[in-house]
**Student:** 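Starting off with a structure, shown below.
Counting convention: from 1, in listed order, for ligands and their atoms alike.
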Amino acid sequence: MRQYNALINNELIDNGQWLEIMNPATLAVAGKVSALSAEDINKAFAVARSSQQQWEEVSLLDRIAVIKKFRDLIDKNKEEIAQVMSEEIAKNLKESLAEVVRTIEIIDYTFEEAKRMEPLALTGEGMGAKNKLGVFSRVAKGVVLAISPFNYPFNLALAKIIPALVMGNTVVFKPATAGSLVGTYMSKLVIEAGLPKGIFNIVTGRGREIGDIITSNPEIDMISFTGSVGIGNQIRKMGSTTDLVLELGGKDPAIVLDDLNLEKYADEIINGAYGYSGQRCTAVKRVLVNNEIADKLVPILKSKVEALSVGMPSENTFITPVIDEKSADFIQGLIDDAKEKGATIVTGDKREKNLMWPTLIDNVTVDMKVAWEEPFGPVLPVIRIDSYDEMIKIANESQFGLQASVFCQDISKAILTAKKIKTGTVNINSRPQRGPDSFPFLGIKDSGEGVQGIRESLLSMTRYQGMIINY
Ligand code: NAP
Ligand code: G3P
């Protein structure tokens, strides 16, 4: 039985309280992690505060050298981390390992990007200033609270933690409960790597029990959160005076404007919609297409959906069980609502507990929940709209604004369409996706606030410190 400890001040916490983590594939216990008290959590923030100044005074290259030891231990243990992840969130082994490798690549790129965070030097002559030299450096904000979601428990944790630490902040990290085994696996690596005491603390417990205690701590200088809109809005209320980066939900549309490459479009849509069983914020969560093209596209989508392997993570199937039965019930509810209102189930609508067969629904109309809500599961609605203007209107009416895809071989028409779409990013002729990780990643409207991506994360966790020299 895997049993990992929370980490405070480089000490493994054992307060006798444990949280059982379920394996979504077997529905058995995958392991246990510490369940922390308010006192434990407050201590984590206290040591993060008390260690921050000294950590910031370490030179950038020396900070990188220390963190690289931690990075090298991740590389050494990547297969085991992937195994833990696969058991904990039912992500297939291949994708779990890919997540760990991608995280190492993010860490390496972050090291290099941090070296380019050069100060800004200004004279003010353009404003008539004389004999002034302004030097504006990026310095640490202080104590960063990093909160990650279940679906990328390693990648979306360290994509926050590493830029924070590299720039001289200290961190209190709260992993998702489903993701806490992966999160606390790092506790021993932190100690083994010899990171200074108190700079990287890992606190565990159910968000609904400790979330407010964590987000209301007065030591917090910045919160980087990835998760649902509901929790994100709760944090907005709690952290009123704190800098926030929130990456929240999505309802990414795939807008198909021609039939000139339907096989390619369908491959992108299928991978975008059903990757990790649709449990990705950037998943394709609706297809907007006119009737003429839909008549050709839907049969192609059907055959590709039915070719997707379904099973257990250990078998490396494409579709694996969703995170828990509560999620499966919600997803099934959207499918049932669409059926009741007259939609066509093209394929799928089959379930064994939280293993859900990939479902494709045609003739979805705007009165159906699945047209607007985020399933976070393997279900894709096709909404047939003959008017181009109506298609853009429906795309933009969503409460979400994370990403979108436009499929069109006429690049001018694709660009002009992309410019009309109200999202953080529009992908032309590819599925929505966060990568490459060096690109800015952002959501607007209910999809988030602030920007992720390697350079943007370095900027969001630092502030200017200006010096003006008069001579
Ligand atoms: P979630 O339920 O919102 O949980 C996210 C994190 O918040 C978890 O660590 C959770 O801990 C914690 N939390 C829960 N209640 C809290 C509170 N009151 N205060 C502070 N933290 C609290 O989201 P999820 O189910 O893990 O992930 C799925 C959602 O995240 C989807 O909506 C998806 O679209 C979104 N997401 C967005 C992105 C993006 O980059 N935009 C990426 C991935 C996921 P517990 O697990 O202990 O509750
Ligand atoms: O939901 C996780 C979000 O960050 C998407 O990542 O790389 O699967 O597009 P990706």
**Student:** Please state which protein non-hydrogen atom is closest to atom 28 (C) of ligand 1 and give its distance, to 0.1 Å?
**Tutor:**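 Checked against all protein heavy atoms, atom 28 (C) of ligand 1 sits closest to F376 CE2, 3.6 Å.
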
**Student:** Under 4.0 Å, heavy atoms only, figure out whether ligand 1 is touched by the backbone of T226, its side chain, both or neither.
**Tutor:**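 Within the 4.0 Å criterion, T226 contacts ligand 1 through backbone and side-chain atoms alike.
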
**Student:** Salt bridge between D336 and K341, side-chain N to carboxylate O under 4.0 Å?
**Tutor:**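 Answer for the salt bridge query: no.
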
**Student:** To the nearest 0.5 Å, tell me how far S96 OG sits from I89 CD1.
**Tutor:**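 If I round to the nearest 0.5 Å, the distance is 6.0 Å.
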
**Student:** Under a 4.0 angstrom heavy-atom cut-off, which atoms of ligand 1 come close to D212?
**Tutor:**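 Taking each heavy atom of D212 in turn, ligand 1 has 18 (N) under 4.0 Å.
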
**Student:** Which of the numbered atoms in ligand 1 are below 4.0 angstrom from a heavy atom of I147?
**Tutor:**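 Selected atoms, number and element: 6 (C), 7 (O), 9 (O), 12 (C), 20 (C), 21 (N).
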
**Student:** Might you list the protein residues in contact with ligand 2, defined as having a heavy atom under 4.0 Å from one of its atoms, sorted by chain and number?
**Tutor:**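 Near ligand 2, by chain and number: R102, N151, Y152, L156, R280, C281, T282, Q433, R434.
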
**Student:** Using the side-chain contact (heavy atoms from CB on, under 4.5 Å) criterion, which residues pair with T184? Sequence neighbours excluded.
**Tutor:**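 Partners of T184 by the side-chain contact (heavy atoms from CB on, under 4.5 Å) criterion, ordered by chain and then number, come out as Y4, V33, S187, I202, T204.
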
**Student:** Using distance alone, decide if ligand 1 has a nitrogen or oxygen within less than 3.5 Å of any nitrogen or oxygen in F150.
**Tutor:**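 Yes, at least one N or O pair falls under 3.5 Å.
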
**Student:** Does G230 come within less than 4.0 angstrom of ligand 1, counting non-hydrogen atoms of the residue?
**Tutor:**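 Under 4.0 Å: no for G230.
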
**Student:** Can you see whether N354 engages D324 through a side-chain donor-acceptor pair at a distance of less than 3.5 angstrom?
**Tutor:**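 The answer is no; no qualifying pair exists.
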
**Student:** Could you tell me which atoms of ligand 1, counted from 1 in the order shown, lie closer than 4.0 angstrom to a heavy atom of G205?
**Tutor:**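 Within the 4.0 Å cut-off of G205, ligand 1 contributes 47 (O).
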
**Student:** Does the ring center of F376 lie less than 6.0 Å from the ring center of F150?
**Tutor:**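 F376 vs F150: aromatic centres under 6.0 Å.
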
**Student:** Only one of T242, N42, D212 passes side chain to side chain donor-acceptor pair (under 3.5 Å) with N217; say which it is.
**Tutor:**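 It is N42, the one option of T242, N42, D212 that forms the side chain to side chain donor-acceptor pair (under 3.5 Å) with N217.
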
**Student:** Verify the distance criterion only: is there a donor paired with an acceptor across the side chains of N92 and E95 at less than 3.5 Å?
**Tutor:**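 Side chains of N92 and E95: pair found under 3.5 Å.
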
**Student:** Would you say I214 touches ligand 1, if touching means a heavy atom closer than 4.0 Å?
**Tutor:**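 So I214 does not count as touching ligand 1.
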
**Student:** Check salt bridge (charged side-chain N to carboxylate O under 4.0 Å, His left out) between E113 and all other residues, then give those that pass, not counting sequence neighbours.
**Tutor:**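 So E113 forms a salt bridge (charged side-chain N to carboxylate O under 4.0 Å, His left out) with R116, R455.
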
**Student:** Whether the side chain of E315 engages the backbone of M312 through a donor-acceptor N/O pair (distance < 3.5 Å, no angle test) should be reported.
**Tutor:**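 The answer is yes, because a donor-acceptor pair under 3.5 Å joins these two groups.
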
**Student:** Consider every N or O of S447 and every N or O of ligand 1, then say whether any pair is closer than 3.5 Å.
**Tutor:**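 Checking ligand 1 against S447, no N or O pair falls under 3.5 Å apart.
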
**Student:** Could you tell me if Y152 and Q279 have a donor-acceptor pair between their side chains, going purely by distance under 3.5 Å?
**Tutor:**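 There is no such pair between these side chains.
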
**Student:** Please tell me if atom 41 (N) of ligand 1 is touched by the protein, where touching means a protein heavy-atom distance below 4.0 Å.
**Tutor:**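 Within 4.0 Å of atom 41 (N) of ligand 1, protein heavy atoms are found.
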
**Student:** Distance under 4.0 Å to a non-hydrogen atom of K174: what atoms of ligand 1 satisfy this?
**Tutor:**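 Close to K174: 9 (O), 11 (O), 45 (P), 47 (O).
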
**Student:** Compare I210, I213, N151, I231 and give the one whose heavy atom is closest to atom 43 (C) of ligand 1.
**Tutor:**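 Ranked by closest heavy atom to atom 43 (C) of ligand 1, first place is N151.
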
**Student:** Could you name the option among G227, G448, P153 that has the heavy atom nearest to atom 35 (C) of ligand 1?
**Tutor:**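 When every heavy atom of G227, G448, P153 is considered, G227 comes closest to atom 35 (C) of ligand 1.
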
**Student:** Within the 3.5 Å criterion, strictly below it, is a donor on Q452 or K160 matched to an acceptor on the partner's side chain?
**Tutor:**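 Side-chain D/A pair, Q452 to K160: present.
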
**Student:** Pick one of side chain, backbone, both or neither for how Y152 approaches ligand 1, counting any non-hydrogen atom pair under 4.0 Å.
**Tutor:**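 Neither part.
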
**Student:** Regarding K141 and D243, does a basic nitrogen lie under 4.0 Å from an acidic carboxylate oxygen?
**Tutor:**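 Looking at K141 and D243, the cut-off is met.
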
**Student:** May I ask which of G211, G250, S180 has a heavy atom nearer to atom 17 (C) of ligand 1 than the others do?
**Tutor:**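 The residue whose heavy atom sits nearest atom 17 (C) of ligand 1 is G211.
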
**Student:** Quick one: which ligand 1 atoms are inside 4.0 Å of a heavy atom on C281?
**Tutor:**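 Taking each heavy atom of C281 in turn, ligand 1 has 34 (O), 36 (N), 37 (C), 38 (C), 39 (C), 40 (O), 41 (N), 42 (C) under 4.0 Å.
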
**Student:** Give yes or no for whether the N/O distance cutoff of 3.5 Å, strictly under, is met between A176 and ligand 1.
**Tutor:**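 Among all N and O atoms of A176, at least one is under 3.5 Å from an N or O of ligand 1.
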
**Student:** Looking at ligand 1, would G232 count as a contact under a 4.0 Å heavy-atom criterion?
**Tutor:**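 Checking ligand 1 against G232, which is what was asked, there is no heavy-atom contact under 4.0 Å.
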
**Student:** Under 3.5 Å between any N/O of G207 and any N/O of ligand 1: does that happen in this structure?
**Tutor:**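 Yes; the residue has a nitrogen or oxygen that sits under 3.5 Å from a nitrogen or oxygen of the ligand.
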
**Student:** Out of curiosity, C408 SG to N261 CG, how far, rounded to the nearest 0.5 Å?
**Tutor:**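 One finds 11.5 Å between SG of C408 and CG of N261.
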
**Student:** Is K251 close enough and on-axis enough to F400, meaning under 6.0 Å and within 45°, for cation-pi?
**Tutor:**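 Judged by the rule (NZ or CZ under 6.0 Å from the ring centre, within 45° of its axis), K251 is not positioned above F400.
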
**Student:** One thing to verify: whether E325 and K353 come together as a salt bridge, which I'm taking to mean a side-chain N less than 4.0 angstrom from a carboxylate O.
**Tutor:**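 A salt bridge is absent here (no side-chain N lies under 4.0 Å from a carboxylate O).
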
**Student:** If we set the cut-off at 4.0 Å for heavy atoms, which region of P175 has an atom near ligand 1: side chain, backbone, both, or neither?
**Tutor:**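 Contact part for P175 vs ligand 1: backbone (N, CA, C, O).
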
**Student:** Run the numbers on E105 and V100 for side-chain contact (heavy atoms from CB on, under 4.5 Å), then give the verdict.
**Tutor:** CA-CA 9 Å; E105 291 164 355; V100 181; over 6 Å; no

**Student:** What pairs of donor and acceptor atoms, side-chain ones from residues 355-362 against any protein atom, are under 3.5 angstrom apart with sequence neighbours left out?
**Tutor:**
from: T359; atom 1: OG1; to: D349; atom 2: N; distance (Å): 2.8
from: T359; atom 1: OG1; to: W357; atom 2: O; distance (Å): 3.1
from: D362; atom 1: OD1; to: R384; atom 2: NE; distance (Å): 3.0
from: D362; atom 1: OD2; to: R384; atom 2: NE; distance (Å): 3.4
from: D362; atom 1: OD2; to: R384; atom 2: NH2; distance (Å): 2.9

**Student:** For ligand 1, which atoms have a heavy atom of P149 less than 4.0 angstrom away?
**Tutor:**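 Going through ligand 1 atom by atom, the ones under 4.0 Å from P149 are 26 (O), 27 (O), 43 (C), 44 (C).
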
**Student:** Yes or no on salt bridge (Lys or Arg N to Asp or Glu O under 4.0 Å) for E449 and R236, after CA distance, side-chain angles and deciding distance?
**Tutor:** CA-CA 10 Å; E449 183 174 324; R236 275 193 176 109; 2.7 Å; yes

**Student:** Using heavy atoms and a threshold below 4.0 Å, how should the contact between L156 and ligand 1 be classified: side chain, backbone, both, or neither?
**Tutor:**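 Side chain only; the backbone of L156 stays clear of ligand 1.
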
**Student:** Can N9 and N201 be counted as having a side-chain donor-acceptor contact under 3.5 angstrom?
**Tutor:**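 No, because no side-chain N or O of N9 sits under 3.5 Å from a partner of the opposite role on N201.
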
**Student:** Looking at ligand 1, does any of its N/O atoms fall within less than 3.5 Å of an N/O of T177?
**Tutor:**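 In this structure, T177 places an N or O atom under 3.5 Å from an N or O of ligand 1.
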
**Student:** Can you find an N/O atom of F225 closer than 3.5 Å to an N/O atom of ligand 1?
**Tutor:**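 The answer is no, given that F225 and ligand 1 share no N or O pair closer than 3.5 Å.
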
**Student:** In ligand 1, which numbered atoms sit nearer than 4.0 Å to a non-hydrogen atom of Q234?
**Tutor:**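 Reading through ligand 1 atom by atom, the close ones are 18 (N).
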
**Student:** In terms of residue, atom name and distance, what is the protein heavy atom nearest to atom 37 (C) of ligand 1?
**Tutor:**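 Heavy-atom neighbour on the protein nearest atom 37 (C) of ligand 1: L248 O, 3.0 Å.
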
**Student:** Taking E219 first and then R49, would you say they form a salt bridge - that is, a charged N and a carboxylate O separated by under 4.0 Å?
**Tutor:**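 Salt bridge flag = yes for R49 with E219.
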
**Student:** Going by the order shown, which atoms of ligand 1 are within less than 4.0 Å of some heavy atom of S148?
**Tutor:**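 Within the 4.0 Å cut-off of S148, ligand 1 contributes 6 (C), 8 (C), 9 (O).
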
**Student:** Of the protein's non-hydrogen atoms, which lies at the shortest distance from atom 2 (O) of ligand 1, and what is that distance?
**Tutor:**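 Nearest neighbour among protein heavy atoms for atom 2 (O) of ligand 1, to 0.1 Å: S228 OG, 4.1 Å.
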
**Student:** Checking side-chain hydrogen bond (donor to acceptor under 3.5 Å, both in side chains) for the pair Y185/E88: CA distance, chi angles, key distance, verdict?
**Tutor:** CA-CA 12 Å; Y185 183 97; E88 183 170 23; over 6 Å; no

**Student:** Using a 4.0 Å heavy-atom cut-off, say whether R206 meets ligand 1 through its side chain, its backbone, both or neither.
**Tutor:**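 Only the backbone of R206 comes within reach of ligand 1.
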
**Student:** Quick one: does ligand 1 sit under 4.0 Å from the side chain of I323, the backbone, both or neither, non-hydrogen atoms only?
**Tutor:**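 It is neither part, as no heavy atom is under 4.0 Å.
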
**Student:** For ligand 1, indicate whether the residue E374 contacts it via side chain, backbone, both or neither (heavy-atom separation under 4.0 Å).
**Tutor:**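 It is the side chain that touches ligand 1; the backbone stays farther off.
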
